[in-house]
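Here is the structure we will look at.
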Amino acid sequence: MSKTGFSAADILLPADGNYETWAVVACDQFTSQPEYWERVEKTVGDKPSTFRIILPEAQLSDGHTEEHINKINSTMKDYLANGVFKEYPDAMIYLERVQSDGKVRKGLIGKIDLEEYDYSVGSTSLVRATEGTVLDRIPPRQAVRRDAAVELPHVMLLIDDVDDTVIGPLKGCSEVLYDFDLMEGGGHAKAWLVPADLQAGASAALEKLADEQPLLFAVGDGNHSLASAKALYEEEKAKFGPGSENTLPSRYALVEIVNLYDTALEFEPIHRVLFDVDAPALMEALKEEYPGTYEGKGEGHVIQYAYDGAEGFITIPDPKAQLEVGTLQSFLDKYIKANNIGIDYVHGDEITIELGKKPGCMSFLLPAMDKGDLFKSVINDGALPRKTFSMGHAEDKRYYIEARKIK
């Protein structure tokens, strides 16, 4: 184990090589579009698939969560017992992901030591959250993981590696593990097994970054999934007592490392859609919360909105928060709680406006964050407001491909 907390893992891949139906997008995508997951289910059919061993968040409110989790756990055990997986011991995987826009995002897959991760406010750990962690979002994810035999990650850790010293040299890998098109317009994935010498080189480069920087890994995606893994590890460590941290598989989580300066990596805004809301009343409350707020674009925080019968911009002058998302979310947190309103976090301008204009709904569209501000913001100010940014469109999110035993 290097001092960075990142190391090789015993990685599981599908033995039959039928990746086209094996890989599905991260479970927290398309939560307001159940038709997306219905199409996935039809595509998968009765073939082995990660769809059968993850719980799409679109299904969390259907009243059958416990039933879903029990089925997932049973399927995981079946997959392990019946040779669905092939294990690659002490492996790192170099991944090239062709996104829906044609750009190629490069990553390195291995495991991270959860002892080096702390999502609490004011953390100075090697691995830190980039956004505020909502504690009540952890238990449902923890419940999914608690009795799971394997994990499937959609966690992406960012490194501030301007000279591309960690991932750049991995272009020298030669053993191809998979090469296939992702379903539902997700682009293409091709990956190589990283040989021992290149593993050592990547580890050494990470150690050098750790010596030079106060923050080595910023959680770019999957923060609540990683927080849930951490919470479960702490639960098991307390259960099994002193010394158990040296043997528990749950101490580690499978992740993908991506360089912040990867040219394919773009920060997309995450918009807000509200349900069961009186939009005009909310607008009046927003103006009361921030006196001087006015319709149209001006100096200050400019936020776009849409609801049935109205669409436009509001300007909040002299904001106290650094980012528009901070100004908006601070208000929404209080208003939603007081008025029993539903909220979803949505990628893409068109779908956000479309959802916001449905009867009883409303949407707010936020501007994108400059990715160059990420590390210095986390170092200087701590975690950003939750759902501040997304790395790419929903279709470009991590697809579940690799797995690892956690029992």
Side-chain angles (χ1 to χ4, degrees), residues 119-123 128-135 137 158 215 218-221 223-224 260 266-275 277-307 310-339 341-349 351-353 355-357 361-391:
Y119 55 79
S120 63
V121 176
S123 167
R128 296 181 219 171
T130 54
E131 64 176 22
T133 303
V134 184
L135 297 183
R137 293 185 65 193
L158 299 177
L215 170 60
V219 184
D221 214 351
N223 179 63
H224 286 90
L260 179 67
E266 296 181 0
F267 281 9
E268 300 283 345
I270 302 178
H271 306 311
R272 274 65 175 155
V273 177
L274 308 177
F275 305 94
V277 61
D278 181 337
L282 183 147
M283 290 293 283
E284 288 304 313
L286 179 60
K287 292 173 182 177
E288 290 179 9
E289 177 78 10
Y290 300 116
T293 295
Y294 57 90
E295 298 280 341
K297 296 181 179 181
E299 292 294 326
H301 283 174
V302 178
I303 301 172
Q304 185 177 355
Y305 67 88
Y307 59 89
E311 184 175 352
F313 296 84
I314 55 168
T315 296
I316 301 168
D318 304 316
K320 294 180 180 179
Q322 292 293 314
L323 302 171
E324 287 84 353
V325 64
T327 296
L328 178 64
Q329 196 65 47
S330 176
F331 163 74
L332 288 180
D333 285 343
K334 292 182 287 186
Y335 193 83
I336 287 169
K337 185 176 182 179
N339 293 276
I341 291 168
I343 186 171
D344 195 10
Y345 301 91
V346 179
H347 306 270
D349 295 1
I351 187 63
T352 301
I353 293 173
L355 291 170
K357 287 190 171 182
C361 297
M362 182 178 191
S363 59
F364 288 99
L365 289 82
L366 292 158
M369 173 188 177
D370 183 346
K371 68 178 183 179
D373 292 335
L374 178 62
F375 270 68
K376 63 183 179 182
S377 295
V378 173
I379 292 169
N380 295 329
D381 303 328
L384 303 168
R386 71 179 183 277
K387 298 292 184 180
T388 295
F389 68 92
S390 171
M391 297 192 302

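Residue numbers start at 1 and run along the sequence shown. Just the heavy atoms: all of them, side chains too, but no hydrogens, waters or symmetry mates, feed the values below.
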Problem - Thr130 and Tyr119, any side-chain heavy atoms less than 4.5 Å apart - result: no
Fill in the blank from the handout: Looking only at heavy atoms, the pair that brings Gly300 and Pro319 closest together is CA-CD, 4.2 Å
Problem - Heavy-atom pair with the smallest gap, counting every atom of Lys357 and Ala310 - result: CE-O, 4.4 Å
Exercise for the section: Taking the side chain as every heavy atom from C-beta outward, state whether His301 and Lys320 have any pair of such atoms under 4.5 Å apart. Expected result: no
Problem - Pairwise distance CG(Leu274) to SG(Cys361) - rounded to 0.5 angstrom - result: 8.5 Å
Practice task
Report the residues that fulfil side-chain hydrogen bond (donor to acceptor under 3.5 Å, both in side chains) with Lys371, sequence neighbours left out, ordered by chain and then residue number.
Solution key: none
Completion exercise
Distance col, row Ile270:CD1 vs Tyr345:OH, nearest 0.5 angstrom, shows 9.5 Å
Fill in the blank from the handout: Tightest non-hydrogen contact, residues Leu158 and Phe375, listed as O-CZ, 3.4 Å
Practice task
Would you confirm whether Thr388, through its side chain, and Leu384, through its main-chain N or O, come within 3.5 Å as a donor-acceptor pair?
Solution key: no
Problem - From CG (Leu365) to CG (Leu328), nearest 0.5 Å - result: 10.5 Å
Problem - Beyond-backbone contact of Ile351 with Leu355, side-chain heavy atoms, under 4.5 angstrom - result: yes
Exercise for the section: Taking Thr293 for its side chain and Tyr290 for its backbone only, find out whether a donor-acceptor pair lies under 3.5 Å. Expected result: yes
Handout entry: Close side-chain approach of Tyr305 to Ile314, heavy-atom, < 4.5 Å
Key = yes
Problem - N/O donor-acceptor pair under 3.5 Å between Ser363 side chain and Arg272 backbone - result: no
Problem - Side chain Asn223, main chain Val219, donor-acceptor under 3.5 Å - result: no
Practice task
Kindly indicate whether the side chain of Leu374, heavy atoms from C-beta on, has any atom under 4.5 Å from the side chain of Phe267.
Solution key: yes
Exercise for the section: Report yes if the side chains of Val273 and Phe275 come closer than 4.5 Å at any heavy-atom pair, otherwise no. Expected result: yes
Exercise for the section: Could you tell me the separation between the CG atom of Asp221 and the CZ atom of Phe389, rounded to the nearest 0.5 Å? Expected result: 8.0 Å
Practice task
Look at atom CG of Asp370 and say whether more than 12 heavy atoms of other residues, nucleotides or ligands are closer to it than 6.0 Å.
Solution key: yes
Problem - Smallest separation among heavy atoms of Tyr335 and Ala281, with atom names - result: OH-C, 3.8 Å
Exercise for the section: Check for a donor-acceptor pair, side chain of Thr315 on one end and backbone N or O of Gly298 on the other, with a separation under 3.5 Å. Expected result: yes
Problem - Distance in Å, Leu323 CG paired with Met369 CE, rounded so as to fall on 0.5 Å steps - result: 6.0 Å
Handout entry: Min side-chain heavy-atom separation Glu288-Met283 under 4.5 Å
Key = no
Problem - Verdict with supporting geometry, Phe364 and Val325, side chain to side chain contact (heavy atoms under 4.5 Å, CB included) - result: CA-CA 10 Å; Phe364 288 99; Val325 64; over 6 Å; no
Problem - Residues Gln329, Glu324; criterion side chain to side chain contact (heavy atoms under 4.5 Å, CB included); working and verdict - result: CA-CA 8 Å; Gln329 196 65 47; Glu324 287 84 353; over 6 Å; no
Problem - Considering all heavy atoms, the nearest Ile341-Ile336 contact - result: O-CG2, 3.0 Å
Problem - Residue pair Gln304, Lys297: steps toward the side chain to side chain contact (heavy atoms under 4.5 Å, CB included) verdict - result: CA-CA 9 Å; Gln304 185 177 355; Lys297 296 181 179 181; over 6 Å; no
Practice task
Find the distance between OG1 (Thr352) and CE (Met362) and round it off to the nearest 0.5 Å.
Solution key: 13.0 Å
Exercise for the section: Check for a donor-acceptor pair, side chain of His271 on one end and backbone N or O of Leu366 on the other, with a separation under 3.5 Å. Expected result: yes
Completion exercise
Between Tyr307 and Ala279 the two heavy atoms that sit nearest each other are CG-CB, 3.4 Å
